[in-house]
Amino acid sequence: MDALVLGGACPRPLRFMMDRPIYENPWVNWFFRIAGAIPVDSDRRDPGGVRRALEEVSRALRNGEVVMIFPEGRLTPDGDVHAFRRGLDLVLARDPVPVVPAALSGLWGSWTSNKDGKALTKWPRRLRARVLLVFGEPIPAGYSPRRTLERRVRGLKRAADQSLSRKLGGPI
């Protein structure tokens, strides 16, 4: 769901990296293919899979495309931001580009989250959710270390959660 919200808010078409098992979900795979999603699998499951995905990201960036990366590399198990994986460093080392940090609030507890069971395996309890998407200041090309980005995203997430909580009149 994160990719859909971010994609809808972006004025430019964008591509995004995503976990191959989610990409291959028969209910939504058609959409991911149309959107140009870049599936990535662990090297344990698919030797060379990470390398191929990074090559596709590099091609897209060199063609001037916007690529959205979820640097945690997985859906959150508890609604919090978790440690960013090193794949982000690999992408930025190959192709130094500006990075726009972003954070979402309000999706935890939806049928696409891991709350109360595995994502996409339970019936939606609501059809609409109040969601808040916030963007940080762009970080110039060549200066986007993973730890800096992680701190910025954590701060954006905290601010988004607090803002949404105030708007809804209680915890989210």
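Along the sequence shown, residues are numbered consecutively beginning with 1.
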Exercise for the section: Please report the shortest heavy-atom distance between L54 and G87, naming the atom on each side. Expected result: CD2-O, 4.4 Å

Problem - For E72, salt bridge (Lys or Arg N to Asp or Glu O under 4.0 Å) partners two or more places apart - result: none

Completion exercise
The salt bridge (Lys or Arg N to Asp or Glu O under 4.0 Å) partners of R20 (sequence neighbours excluded) come to E24

Handout entry: Partners passing side chain to side chain donor-acceptor pair (under 3.5 Å) against R59 (at least two apart in sequence or in another chain)
Key = E56

Practice task
Walk me through it: do L92 and R146 pass the test side chain to side chain contact (heavy atoms under 4.5 Å, CB included)?
Solution key: CA-CA 9 Å; L92 294 172; R146 177 174 28 142; over 6 Å; no

Problem - Rounded distance (nearest 0.5 Å) linking atom OG of S105 with atom CG of L132 - result: 6.0 Å

Exercise for the section: Locate the shortest heavy-atom distance separating V100 from G136; write the atom from each residue and the value. Expected result: CG1-O, 3.8 Å

Completion exercise
The reported gap from CD1 in I69 to CG in L61 (rounded to nearest 0.5 angstrom) is 7.0 Å

Exercise for the section: Check whether any side-chain heavy atom of P13 sits under 4.5 Å from a side-chain heavy atom of V66, and report yes or no. Expected result: no

Completion exercise
Output for pair (C10 SG, F135 CZ), nearest 0.5 Å, gives 6.5 Å

Exercise for the section: Can you sort out the partners of R12 under salt bridge (Lys or Arg N to Asp or Glu O under 4.0 Å), two or more places apart, ordered by chain and number? Expected result: none

Practice task
Just jot down the salt bridge (Lys or Arg N to Asp or Glu O under 4.0 Å) partners of R62, sequence neighbours excluded, or say none.
Solution key: D95

Exercise for the section: Mind telling me whether F32 and Y23 have parallel, tilted or perpendicular rings, with 30° and 60° as the class edges? Expected result: parallel

Practice task
Taking all heavy atoms of V134 and all of A160, pick out the closest pair and write down the distance.
Solution key: CG2-CB, 3.9 Å

Exercise for the section: Find the distance between OG1 (T148) and CZ (F84) and round it off to the nearest 0.5 Å. Expected result: 11.0 Å

Problem - Counterpart residues, side chain to side chain donor-acceptor pair (under 3.5 Å), relative to R158 (two or more places apart) - result: none

Exercise for the section: Quick one: pull up CD in E65 and CG in L14 and give me the separation to the nearest 0.5 Å. Expected result: 10.0 Å

Handout entry: For the student: nearest non-hydrogen atoms of V91 and V57, plus distance
Key = CG1-CG1, 3.9 Å

Handout entry: Backbone N/O of G36 and side chain of R15: donor-acceptor pair under 3.5 Å
Key = yes

Practice task
Indicate yes or no: does R45 engage D19 in a salt bridge with an N to O separation below 4.0 Å.
Solution key: yes

Problem - Side-chain heavy atoms of M18 within contact of I38, under 4.5 Å - result: no

Exercise for the section: Might you point out which heavy atoms bring R152 and I139 nearest each other, and give the distance in Å? Expected result: NH1-CG1, 2.9 Å

Problem - Rounded distance [0.5 Å steps], CZ in R85 versus CD in E150 - result: 12.0 Å

Fill in the blank from the handout: Between F70 and M68 the two heavy atoms that sit nearest each other are CZ-SD, 3.6 Å

